[in-house]
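Have a look at the structure below, then the notes.
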Amino acid sequence: MKFLTVAFVAAMTLAVTGCQKDPEDLIIGTWNGTTAYSTFTITGFGEEIDGTTADTITMAEGDYVYTFNKDNTMTIHSVDEESGTATDSQATYTINDKTLTITMEGEPQEMTIVEISKKDLVLSYTVSMAQGEGSMTLGTEIHFKKAK
């Protein structure tokens, strides 16, 4: 009886873990940006300049789209909100654990995969720049929905 219990628990563990997909598999396809949250922080420049501002941008469907292909290539489609001009950029990507690296024109940009499922993708990244005694940091989190 003890053997059957252990075998059952082992089989259930394999069944549950076997159904989980890796980020490399889940990310394949087209993702529509829905919302971007950004925080911009300035420090070390004095009271009049230092501070933090936050912004939320809601994107129309199709205005900011990532399409990930199985061969680790991707297309980034964006529409300029002021001019309405659409741009498609080609890039490559790699995923290592929860780090997504997108390389465009030889420049890699690392992003953290905050969440990924069959329907939702959340990516975040931080860019920092030091200048003299001060620094500026931009943190951004972008939410995507899988296209149908």
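Residue numbers start at 1 and run along the sequence shown. As the structure is a prediction and not an experimental result, all values here were calculated from the model.
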Here the gap from Leu26 atom CG to Ser117 atom OG, rounded to the nearest 0.5 Å, amounts to 7.5 Å
Separation between OG1 (Thr58) and CG (Asp63), nearest 0.5 Å, reads 11.5 Å
So CE of Met111 and CD of Glu141: to nearest 0.5 Å the spacing works out to 11.0 Å
Other residues, nucleotides and ligands only: do more than 12 of their heavy atoms fall within 6.0 Å of CG on Asn96? no
Between His77 and Ala86 the two heavy atoms that sit nearest each other are CE1-CB, 3.7 Å
Check: With hydrophobic residues grouped by side-chain heavy-atom distances under 4.5 Å, do Val79 and Trp31 end up in a single group?
Finding: no
Would you call the rings of Phe144 and Tyr66 parallel, tilted or perpendicular, where under 30° means parallel and over 60° means perpendicular? tilted
- Query: Has Lys98 got more than 12 heavy atoms of other residues, nucleotides or ligands less than 6.0 Å from its NZ?
  - Reply: yes
Transitive ILVMFWY side-chain link Leu121 to Tyr37, under 4.5 Å: no
The side-chain contact (heavy atoms from CB on, under 4.5 Å) partners of Thr85 (sequence neighbours excluded) come to Ser83
Q) Does any N or O in the side chain of Asp71 come within less than 3.5 Å of the main-chain N or O of Thr73, such that one atom is a donor and the other an acceptor? A) yes
Closest heavy-atom pair, Gly62 versus Asn32, reported as atoms and distance to 0.1 Å, is N-OD1, 3.6 Å
Exactly one candidate in Thr92, Ile102, Thr103 meets side-chain contact (heavy atoms from CB on, under 4.5 Å) with Met74; the answer is Ile102
Review point. Would Phe45 end up clustered with Met129 when hydrophobic side chains under 4.5 Å apart are linked, directly or stepwise?
Key: yes
- Query: Does CD belonging to Gln131 count more than 12 external heavy atoms closer than 6.0 Å?
  - Reply: no
Checklist line | Distance-only polar pair, side chains of Asp97 and Thr99, donor-acceptor under 3.5 Å | finding: no
Can you find a heavy atom in the side chain of Ile27 that is under 4.5 Å from one in the side chain of Ile95? yes
So does Glu115 have more than 12 non-hydrogen atoms from other groups sitting under 6.0 Å from CD?
yes
(Q) Hydrogens and angles aside, do Thr67 and Thr30 bring a side-chain donor and acceptor to less than 3.5 Å of each other? (A) yes
Task: Student check: side-chain heavy atoms of Val122 and Ile142 closer than 4.5 Å - done: no
Review point. Any chain of hydrophobic side-chain contacts (each under 4.5 Å) joining Leu138 to Met136?
Key: yes
Donor-acceptor side-chain pairing of Thr101 and Gln109 below 3.5 angstrom: no
Minimal heavy-atom distance between Met59 and Gly33, with the atoms involved, is CB-O, 3.6 Å
Residues Asn72 and Thr94: closest non-hydrogen pair is ND2-CA, 4.2 Å
Note to self: For the residue pair Thr41 / Thr52, report whether a side-chain donor-acceptor contact shorter than 3.5 Å exists.
What the structure shows: yes
Thr39 vs Thr53 side-chain heavy atoms within contact, under 4.5 Å
no
With a 4.5 Å cut-off on side-chain heavy atoms, are Thr137 and Thr126 touching?
yes
Note: Tyr64 and Ile76 closest approach over all heavy atoms is CE1-CG2, 4.5 Å
message = Do Met104 and Val127 sit in one hydrophobic cluster, given that two such residues count as connected whenever their side-chain heavy atoms are within less than 4.5 Å of each other, even indirectly?
response = yes
- Query: Is any NZ, NE, NH1 or NH2 atom of the basic residue among Lys146 and Asp120 found under 4.0 Å from an Asp or Glu carboxylate oxygen of the other?
  - Reply: no
Note: Ser38 and Thr140 closest approach over all heavy atoms is CB-OG1, 3.9 Å
Looking at side-chain heavy atoms only, is the closest gap between Leu100 and Phe68 below 4.5 Å? yes
